[in-house]
**Q** 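Okay, handing you the structure first.
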Amino acid sequence: MSAQERTRIDRYEPATIEPRWQRRWAELGLYDTNLADDSKPKYYLLTMYDYPSGNLHIGHWYVKTPTDALGRFHRMNGKNVFQPIGFDAFGLPAENAAIKNKIHPHAWTLKNIDNMRRQLRSMGAGWDWNSEVVTCEPEYYRWNQWIFLRFLEAGLAYRAGSPVDWCPNDGTLAREQVEGTDRHCWRCGARVEKRDLDQWYLRTTKYADELLDFTGLEWPEPIRIMQTNWIGRSEGAEVAFTTAPDDSQPGGDGLRVFTTRPDTLYGATFMVLAPEHALVPKLTHADRAAEVNAYITAAGRETEIERLSTERPKTGVFTGSYAINPVNGERIPIWIADYVLAGYGTGAIMAVPAHDERDFEFARKFGLPIRRVIAGPEVTDAEVAAPMETAFVSHGTEERMVNSGPHTGLPAKQGFASIVAMLEKQGRGKASVNYRLRDWLISRQRYWGTPIPVVYCDTDGIVPVPDDQLPVRLPETVDYAGRGDNPLKSDASFANTTCPKCGGPARRETDTMDTFIDSSWYWFRYLSPQNEGAPVERSIEARWCPVDQYTGGAEHAVMHLLYARFFTKAMADLGMVHEREPFKRLFNQGQILGADGERMSKSRGNVQDPDELVSHYGADTVRLFLMFMGPWDQGGPWSPTGIGGISRFLNRVWHAALDPHGIEPGDAESGVLPAGQDKAAADRALRTAAHRTLRVVSEEYAELRFNTMVAHLMELSNLLQRYRGTEAAGSAAWNEAVGLLLLMLAPAAPHIAEELWSRLAEARGEEWASIHAQPWPSVDEAAAAENEREVPVQVNGKLRDRVMVPVGIGEAELERLVLARPKVVAALEGRAPTKVIHAGGKLVNIVVR
RNA sequence: GCCGACGUGGCGGAACUGGCAUACGCGCUCGACUCAAAAUCGAGUGGCCGUGAGGUCAUGCGGGUUCAACUCCCGCCGUCGGCACCA
């Protein structure tokens, strides 16, 4: 920069300085991380990568700029910081655009990525672009395929036919991708149906127990709870019932059920199977067939029917068959009902209406017997025999067993164990654990995803594509015959192939993978995006994983974050990586809303365009304002007026740094030190404030409390403002305070800090060195220490006075001082203090009477 | 219904393990500069009573513990997020 240019820029003009520094940093490679450098401790800072929708909105800024501030803070603190960036580039919008605009999904996606790269650069963030990953490129998705094949070999991937959740727009969905009571698609909102299909699954349930263990992870409690609930571990027993012989069948078929209440086994008065249960056709009597089949058909359609209430009355039909209760040999009727889910446990239950609300309601409705087998401590024998009005579900330590054969009289807790023991001895049951978590259905009927690398051969069945034939590439020409169609299916050149085993004709799998596969290991790939020998370079992974800090939205609590943990564990077991947990520390930032408090959307017209804000205020102001709005995990509505305050703040910093003496017009009031303060006192006040600010701001960066961090910088700036134009301005203490302010501001507002830093260096005749390469300053404890302190004085808990006292003052002396204060004397009204509380010198409270 | 988070000025919010409630900012009012406006700078700003010093009431509501409660305990009310018959 020429001297001439500099003198011209006397006002703060972000539009001039920001792009210039962005270029400079990129030229210098300031943020290109040397992953091999182990001279400094590593810090892997990751933000959830984005879908390249084409345009950055303010939400992206809200997610990314505080993270960047954190990265810059750690870099100044001597860490080797790795801050990668990439794009989650597969997914449906590209296909929709393709159908609508006749543009290839790949071209559309890359165009969007180009635009977003440009927009992202305007944030002035310290990303290492060399490590960029774009998941729709074969260089990336070939490793999805490679990992899938390893999972297949290890039995972690399997193909199965079962009723799956089906969205008319998006095809099959994982269980996590179905939301709400009305079971709609998480993406498009369409109502989800059930379909019987052969699909690919990943065995997430194998890791259910390990996924419940969050030891060593600093994750927000609500996320851990959500995952724990989603996995839904329940302990109980599996009990083998058998069907009873009758006129139409010989009986003896095993009917296993899962129950969490084996202690209520004597109260099982009927059984209920899910309509889809495999034994239903066999157990249905000829004279019941019409009714049963009608019910099954209705149940299959049911998800399509509008359900207004969750409290739907129970429905079901009797099959005509009976089962034998293994503990008492009792014949109990077998019903089918849709309140029993095919996918949980064994798809069949023993119904104990006395002690389960659902079974109770069902029994009431269909006139089935209700037998009490558990009673609370106050229940008399007469009451045990009386009919029940509601189910008794309490299961504490006080309850005892009744009507339960040899177990009668036992506490229910013991009954649980003793019945399980009895069943195990007789070979009719065993203790068992069930999970709500299902295996992950990964097949998708779409073009724009990773092809599942298997072929189907009439002779050899399912044949994996050999590694040396990877990647199985998506065909470059796409023909969308119609909306929602997977063009791969009708693409003969893709679908028709030869069997890798026998060489005969074979058909490729045309389903592609759920795009959550891509995001389940992408942070590993960032570490060696060009590696052609393996998905992850283990030596680098060993040094850099787990991710030290991950940030992103809470909406991925049970999807991305659970899949990523599953992948990490599975990959570790297969020797691909060392770590079993991907993200050591997780932070969920909130969501930024429109000024009207609603979700930002084009149709509402409440969208804030970051490009516009940047051109008006500059990136630093936008960054700082987003951090200042409130706690980062809280999000909140955009304030159109609030941003002006940040703009003013940065302007004041600018002038404090470049024009300490306030030659500016309008500084009428400045020029005078506060009453009773000389220059030495002013210098001391400046140093104290600067170093105290440094102490608290350092902590706030580390704890991601950006809103108060900014507030504290403002306070320091306000103090400088107060002294601007006085004899303290421009002193050594002043310059120190300004220097500290800039260093503290650097992570959050990198451009202005850099600009002022360089101007001050030049003014001192020093050579330029980036502020972002400076070490984080350390607190001068002597300067930060106070020698006087203001102590609030209360009488009976009410504030009456404040006294300035020297810091080391003793309690006795302080008390004497305080009791002599006129205001205190007045408040005491002649009464003698009963007690004086000192609260460690923070406050004095005088208690009377 | 179950699980979780949260209720503080006109607004966004601050107050760390109980210790000065309302930091910081927005907005608003007044003043300086200006022909005027904007920008900037300065002063003020929780409610009520009072000319004033000051008093008094206030952290969703009702109780409690404590010298002292936004903070802890009990019971409600409200808002937001998650789950959806999981045996």
Side-chain angles (χ1 to χ4, degrees), chain A residues 179-183 220-223 225-226 228-230 232 234 236 257-261 264 272 307 310-312 314 337-341 343-352 356-359 361-362 434-438 554-555 557-558 591 625 628-631 633-634 636-646 648-649 651-652 655 662 664-670 696 699 703 705 707-715 717-718 721 724-725 790-802 823 826 833-848:
Chain A
E179 295 180 338
T181 317
D182 58 350
R183 299 178 51 74
E221 180 80 12
I223 299 287
I225 291 170
M226 267 195 251
T228 302
N229 291 343
W230 190 265
S234 41
V257 303
F258 172 74
T259 178
T260 52
R261 296 292 305 275
T264 65
V272 187
R307 287 200 244 162
T310 46
E311 295 298 308
R312 238 168 12 124
K314 294 275 178 292
D338 63 6
Y339 82 90
V340 174
L341 308 174
Y344 184 78
T346 61
I349 62 157
M350 63 177 208
V352 184
D356 181 282
E357 276 160 10
R358 296 152 301 182
D359 297 346
E361 189 196 335
F362 194 82
N434 243 283
Y435 301 90
R436 211 187 84 115
L437 181 73
R438 308 293 155 86
E555 66 273 19
V558 293
Q591 202 180 35
F625 180 56
F628 183 64
M629 277 178 48
D633 56 1
Q634 205 173 287
W638 173 261
S639 160
T641 51
I643 192 166
I646 297 291
R648 281 190 279 277
F649 161 60
N651 262 297
R652 281 194 289 263
H655 289 114
E664 294 272 307
D667 285 346
E669 291 297 315
S670 58
V696 44
E699 204 178 295
E703 297 302 316
R705 296 201 307 266
N707 58 327
T708 51
M709 179 276 290
V710 176
H712 284 117
L713 295 185
M714 285 174 167
E715 281 187 84
S717 149
N718 288 347
Q721 178 75 17
R724 202 162 150 248
E790 193 184 54
V791 177
V793 184
Q794 298 179 333
V795 175
N796 279 344
K798 279 188 181 154
L799 183 72
R800 295 299 173 181
D801 200 5
R802 299 163 215 258
K823 284 180 184 172
T834 337
K835 198 167 157 194
V836 178
I837 310 257
H838 283 272
K842 269 186 278 188
L843 158 152
V844 175
N845 188 10
I846 302 159
V847 187
V848 283

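Every chain is numbered from 1, with letters handed out A, B, ... down the list of sequences. Because only heavy atoms are used, hydrogens play no part in the values below, and waters and symmetry mates are left out as well, while side chains stay in.
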**Q** Starting from the 5' end of RNA chain B, give me the residue, A/Glu790 or A/Val847, whose nearest nucleotide shows up first.
**A**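 The residue mapped nearer the 5' terminus is A/Glu790.
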**Q** Taking the side chain as everything from C-beta on, heavy atoms only, tell me whether A/Phe628 gets closer than 4.5 Å to A/Ser639.
**A** no
**Q** Measure the distance from CG on A/Leu713 to C1' on B/G25 and round it to the nearest whole Å.
**A**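 A/Leu713 atom CG is separated from B/G25 atom C1' by 13 Å.
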**Q** Side chain of A/Arg436: nearest nucleotide among B/A84, B/G19, B/A15?
**A**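 Nearest nucleotide to the side chain: B/A84.
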**Q** Quick check for you: among B/G25, B/G13, B/G27, whose closest atom lies nearest to any side-chain atom of A/Arg652?
**A**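 Between B/G25, B/G13, B/G27, the one nearest the side chain of A/Arg652 would be B/G25.
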**Q** Any donor-acceptor pair under 3.5 Å linking the side chain of A/Thr834 with the backbone of A/Val847?
**A**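 Yes.
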**Q** Could you let me know what B/U22 is paired to, Watson-Crick or G-U wobble, both distances under 3.5 Å, or none if it's on its own?
**A**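 B/U22 is unpaired by these criteria.
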**Q** Look at the side-chain N and O atoms of A/Gln721 and state whether any lies under 4.0 Å from the OP1 or OP2 oxygen of B/G42.
**A** yes
**Q** Between atom CG in A/Asp359 and atom P in B/A87, what is the gap in whole Å?
**A** 12 Å
**Q** Sticking with atom P, work out how far B/G44 lies from B/A53, rounded to a whole angstrom.
**A**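 The same atom, P, in both gives a distance of 14 Å.
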**Q** With both distances under 3.5 angstrom, what nucleotide forms a Watson-Crick or G-U wobble pair with B/A14?
**A**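 Partner of B/A14: none.
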**Q** Is any side-chain heavy atom of A/Asp359 closer than 4.5 Å to one of A/Glu357?
**A**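 Counting from C-beta outward, A/Glu357 and A/Asp359 never come under 4.5 Å.
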**Q** Calculate the interatomic distance between A/Ile837 atom CD1 and B/A69 atom P; express it in whole Å.
**A** 12 Å
**Q** How far does the C1' atom of B/C57 sit from the matching atom of B/A84, given to the nearest Å?
**A**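 Nearest-Å result for B/C57 against B/A84 at atom C1': 46 Å.
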**Q** Indicate whether OP1 or OP2 belonging to B/G25 is found under 4.0 Å from a side-chain N or O atom of A/Ser639.
**A** no
**Q** Whole angstroms only, please: what is the CD-C1' distance between A/Glu361 and B/A87?
**A** 14 Å
**Q** Given B/A87, B/C85, B/C24, which nucleotide is nearest the side-chain atoms of A/Asp338?
**A**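 Nearest to the side chain of A/Asp338 among the choices is B/C85.
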**Q** For the side chain of A/Ser234, starting at C-beta, report the closest nucleotide among B/C24, B/G27, B/A87.
**A** B/A87
**Q** For B/U51 versus B/A37, give the span between their C1' atoms, rounded off to a whole number of Å.
**A** 37 Å
**Q** Taking B/U17 as the reference, what is the distance to B/C33 when you measure between their P atoms (whole Å, please)?
**A** 50 Å
**Q** What nucleic acid atoms does A/Thr834 come within less than 4.0 Å of, heavy atoms only: base, sugar-phosphate, or nothing?
**A** nothing
**Q** Which part of the nucleic acid, if any, lies within contact of A/Asn718, taking any heavy atom under 4.0 Å across all strands shown: a base, the sugar-phosphate backbone alone, or nothing?
**A** sugar-phosphate
**Q** Looking only at heavy atoms, what is the nearest atom pair of A/Asn845 and A/Gly797, with distance?
**A**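 It is OD1-N, 3.0 Å.
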**Q** Hey, does A/Gln634 reach any base, or is it just sugar-phosphate, or nothing, if we go heavy atoms under 4.0 Å?
**A** sugar-phosphate
**Q** On a whole-Å scale, what distance lies between the P atoms belonging to B/A68 and B/C49?
**A**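 It works out to 30 Å between them.
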**Q** Partner lookup for B/G31, please. Criteria are Watson-Crick or G-U wobble with both distances under 3.5 angstrom; report none if nothing qualifies.
**A**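 Answer to the pairing question: B/C41, which forms a Watson-Crick or G-U pair with B/G31.
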**Q** Can you check the A/Lys314 NZ to B/C85 C1' distance for me, whole Å?
**A** 5 Å
**Q** Rounded to the nearest Å, what distance is computed from the CD atom of residue A/Glu221 to the C1' atom of nucleotide B/C3?
**A**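 Answer to the nearest Å: 12 Å.
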**Q** Determine which nucleotide pairs with B/G62, using a 3.5 Å limit on both distances of a Watson-Crick or G-U wobble pair.
**A** B/C74
**Q** Between A/Arg648 and B/C26, is there a side-chain N or O to OP1/OP2 distance below 4.0 Å?
**A**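 Indeed, a polar side-chain atom of A/Arg648 lies that close.
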**Q** Assign B/G42 to syn or anti; the rule is syn for a glycosidic angle within 90° of 0 and anti otherwise.
**A**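 The base of B/G42 is oriented anti (glycosidic angle more than 90° from 0).
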**Q** Are OP1 or OP2 of B/G25 and a side-chain N or O of A/Asn707 less than 4.0 angstrom apart?
**A** no
**Q** Which whole-number value in Å describes the distance from A/Glu703 CD to B/A14 P?
**A**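 So the CD-P distance, A/Glu703 to B/A14, works out to 15 Å.
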**Q** What distance, rounded to whole Å, do you find between the two C1' atoms, one in B/U65 and one in B/G55?
**A** 29 Å
**Q** Report yes if some heavy atom in the side chain of A/Lys835 is under 4.5 Å from a heavy atom in the side chain of A/Val848; otherwise report no.
**A**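 No, every pair of side-chain atoms sits at 4.5 Å or beyond.
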**Q** Going by heavy atoms in the side chains, are A/Arg724 and A/His655 under 4.5 Å from each other?
**A** yes
**Q** Write down the distance separating the P atoms in B/U22 and B/G9, rounded off to the nearest Å.
**A** 14 Å
**Q** Among B/C41, B/A68, B/A23, find the nucleotide with the atom closest to the side chain of A/Asn845.
**A** B/A68
**Q** Using side-chain heavy atoms (C-beta onward) and a distance below 4.5 Å, is A/Gln794 in contact with A/Val844?
**A**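 Not touching, per the 4.5 Å side-chain cut-off.
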**Q** Under a 4.5 Å cut-off applied to non-hydrogen side-chain atoms, are A/Ile349 and A/Tyr339 in contact?
**A** yes
**Q** Return the nucleotide paired to B/G46: Watson-Crick means purine N1 to pyrimidine N3 with N6-O4 or O6-N4, wobble means G-U with N1-O2 and O6-N3, both under 3.5 Å.
**A** B/C57
**Q** Using a heavy-atom cut-off of under 4.0 Å over every strand shown, decide if A/Val340 touches base, sugar-phosphate, or nothing.
**A**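 Here A/Val340 touches the bases of the nucleic acid.
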**Q** May I ask you to say what A/Ile225 touches in the nucleic acid, namely base, sugar-phosphate or nothing, with a heavy-atom cut-off under 4.0 Å?
**A**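 Here A/Ile225 touches the backbone only, sparing every base.
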**Q** Is there a side-chain contact between A/Lys823 and the phosphate of B/G54, meaning an N or O under 4.0 Å from OP1 or OP2?
**A**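 Indeed, a polar side-chain atom of A/Lys823 lies that close.
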**Q** So which nucleotide does B/A69 pair with, by the Watson-Crick or G-U wobble rule with both distances under 3.5 Å?
**A** none
**Q** Report the residue (A/Ala711 or A/Gly630) whose heavy-atom-nearest nucleotide on RNA chain B is the more 5′ of the two.
**A**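 Its nucleotide being nearer the 5' end, the pick is A/Gly630.
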**Q** Find the partner of B/C83: check Watson-Crick (N1-N3 plus N6-O4 or O6-N4) and G-U wobble (N1-O2, O6-N3) distances, both under 3.5 Å, and reply none if neither fits.
**A**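 B/C83 is paired with B/G1.
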**Q** It should be established whether A/Arg705 places a side-chain nitrogen or oxygen under 4.0 Å from OP1 or OP2 of nucleotide B/A23.
**A**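 A/Arg705 to B/A23 OP1/OP2: no side-chain N or O under 4.0 Å.
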**Q** Would you please indicate yes or no on a ring centroid separation below 6.0 angstrom for A/Trp638 and A/Phe625?
**A**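 Yes; A/Trp638 has its ring centre under 6.0 Å from that of A/Phe625.
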**Q** Tell me which nucleotide, if any, is Watson-Crick or G-U wobble paired with B/A36 when both distances must be under 3.5 Å.
**A** none
**Q** Between B/A23 and B/U79, how far is it from one C1' atom to the other, in whole Å?
**A**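 The same atom, C1', in both gives a distance of 26 Å.
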**Q** Using the side-chain heavy atoms of A/Thr641, tell me which of these nucleotides is nearest: B/G27, B/G19, B/A84.
**A** B/G27
**Q** So A/Pro631, base contact, sugar-phosphate only, or nothing? Heavy-atom distance under 4.0 Å.
**A** sugar-phosphate
**Q** Rounding to an integer number of Å, can you tell me how far A/Trp230 CH2 sits from B/G81 P?
**A**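 Checked: the CH2 to P distance equals 17 Å.
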